[in-house]
Amino acid sequence: MMAHIYGDEELEALLVGNTHTKSTLQFLFTFLASCPPNYSFHIAMNYSRFMTAVSAARKASPIRVLTELMQKSPPSLISLAGGAPNPNLFPFKRATVDIGHGTPIEIGEDLMKRALQYSASAGIPELLSWLKDFQRSLHDPPTANYGPEQGQMEVCVTTGSQEGLCKVFEMLINPGDNILLDAPTYPGTLAALRPLGCNIINVPSDQHGIIPEALKEILSTWSSEDVKNHSHHLPKFLYTIPNGCNPTGNSLSTERKKEIYQLARKYDFLIIEDDPYYFLQFEKPWAPSFLSMDVDGRVIRTDSFSKILSSGLRIGFLTGPKPLIDRVVLHIQVSTMHTSTFTQLY
Ligand SMILES: Cc1ncc(COP(=O)(O)O)c(C=O)c1O
C-alpha cells in the first residue's frame, strides 16, 4: 500500500466541505505512511447485503436446538422432546470395515448407537474441529483469526459439496441478480442456478482458467459510484472451479487468482470456490486457494470427499465467513437436518 504525508495546504483542500478535523486526517495519513508496503486493510463486510429475504428470515429450529442440547447432556438424561428413538432398539449392533491398505475400522456397540442417532446440523463436534484444523493447515486463511462478525472462518459438514453449493446459491440469489460464472461449467451448478432466475454472466477462460482481463472488461460495466452505493445490479458472486475444472480440466494460475481476488475487493463480490478436485492435484506444492488469500472474508469454499473416499457416502464441507455459513446451517436444520451421523463417524 502506498501512502504519503499530506502537507497543510493539501489538508486544507481535502477539508473543504468536509466535517473531519484536520488533526484526525493528519493522524490517519501518518498511520498510513507508517504501514509496511504490503499492508492490506480488512474492511468489515456487510454480509446482509448479499442475503435473500428468505435467508435473512431464517431462525433456529427449536427441535434442532433441543437435539444439540441433548447431545451435551449426561447419558442418564431421557428427553422425550427431541423425538430421538431409543438407540438400544436399533437393529444394527456392530460393524467391521476392511480397508484397502491398513487395519480394519471397528465400529463397536457404543459408537454404532451414536452413528444411528440424530446429530448436530453443522456436523458432529469431533469432525468439525478436525476439519477446522485441516483447513487451517492446508490454507492458513487470514479469517481464522477474525472475530465472529468480521467474517471469521467457519466450517459446516454437508451431504456432498452439491448440497453446500445449492444452499449457498439459495442463500444469495434473488431473481434478476447478476452473477459471474467461469464458463463452461459443471452442469450440476447450472441446474441449481437456473431455476433461481439469476442473470448468468459467462466469464471467458483459457487453459489457465478465468482470463482476468476479460473479467475486468465485464466489470467495467459498473462504475465506482455503483460500488459506493452498493447498487443491487453489481454481481453478487463469481463461481469458479479452480482445480481441474469440470468439464474443461483447466486450473486457475496463482497469479490470476490474486488478480481476480483484487477485482472482487474492488467490485465487492463474493467468490464461490468449488474445489472437489483439490486433493487430486498432480504437482506439489498444491496451488494456493482463494480461501488462503481471503483477507476480507468474501470466499466460500466447497470441499468434497466424493472423489477420494466415496461419492455414495455423501460427505463434503463448506468453509467461509461465519455470518454466511451460519445461514446455511439454519437451512440444513429444516431440510436434511444433518449429514448422516454414520457417515461422519465412519
Ligand atoms: C465441480 C463439481 N462440483 C460439485 C460436484 C458435486 O460433488 P459431490 O459429490 O461432493 O456433491 C461435482 C461432482 O462431480 C463437481 O464436478
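Counting starts at 1 for both ligands and their atoms, following the listed order.
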Review point. Numbering the atoms of ligand 1 from 1, which are under 4.0 Å from a heavy atom of Pro276?
Key: 1 (C), 2 (C), 3 (N), 15 (C)

Check your understanding: Are any of the N/O atoms in Arg314 less than 3.5 Å from those in ligand 1?
Key -> yes

Check your understanding: So which heavy atom in the protein is nearest atom 7 (O) of ligand 1, and how far is it from that ligand atom?
Key -> Ser161 OG, 3.2 Å

Review point. If we only count N/O pairs under 3.5 Å, is Asp274 in contact with ligand 1?
Key: yes

Exercise for review: Heavy-atom distances under 4.0 Å are what count here, so tell me which part of Tyr277 touches ligand 1: side chain, backbone, both or neither.
Suggested key: side chain

**Study point:** Nearest protein heavy atom with distance in Å, relative to atom 10 (O) of ligand 1
**Key:** Ser304 OG, 2.6 Å

Review point. Does any N or O in the side chain of Lys236 come within less than 3.5 Å of the main-chain N or O of Leu172, such that one atom is a donor and the other an acceptor?
Key: yes

Review point. In terms of atom number and element, which parts of ligand 1 are under 4.0 angstrom from non-hydrogen atoms of Gly160?
Key: 10 (O), 11 (O)

Exercise for review: Starting from atom 6 (C) of ligand 1, locate the nearest protein heavy atom and write down its residue, its atom name and how far away it is, to 0.1 Å.
Suggested key: Tyr186 OH, 3.4 Å

Check your understanding: Going by heavy atoms, is Gly316 under 4.0 Å from ligand 1?
Key -> no

Practice item. Tell me which part of Lys307 gets within contact of ligand 1: side chain, backbone, both or neither, using heavy atoms under 4.0 Å. Key: side chain

Check your understanding: Using a heavy-atom cut-off of under 4.0 Å, does the side chain or the backbone of Ser306 touch ligand 1, or both, or neither?
Key -> side chain

Check your understanding: What do you reckon, does Glu163 put a non-hydrogen atom under 4.0 Å from ligand 1?
Key -> no

Check your understanding: Is the backbone of Asp177 close enough, under 3.5 Å, to the side chain of Asn199 for a donor and an acceptor to pair up by distance?
Key -> no

Check your understanding: Should the pair Lys266-Glu259 be classified as a salt bridge under the 4.0 Å nitrogen-to-oxygen rule?
Key -> no

Review point. Would you say Gln281's side chain and Trp286's backbone share a donor-acceptor pair under 3.5 angstrom?
Key: no

Practice item. Answer yes when Lys167 and Glu170 have at least one side-chain N-carboxylate O distance shorter than 4.0 Å, and no when they do not. Key: no

Check your understanding: Any N or O of Gln162 that comes nearer than 3.5 Å to an N or O of ligand 1?
Key -> yes

Review point. Is there a donor-acceptor pair under 3.5 Å between the side chain of Lys93 and the backbone N or O of Phe90?
Key: yes

Review point. Would Arg301 and Asp274 pass as an ion pair if we require N to O under 4.0 Å?
Key: no

**Study point:** is_close_aromatic(Trp222, Tyr267), centroid dist under 6.0 Å
**Key:** no

**Study point:** Hydrophobic cluster identity match, Tyr277 and Phe134, side-chain contacts under 4.5 Å
**Key:** yes

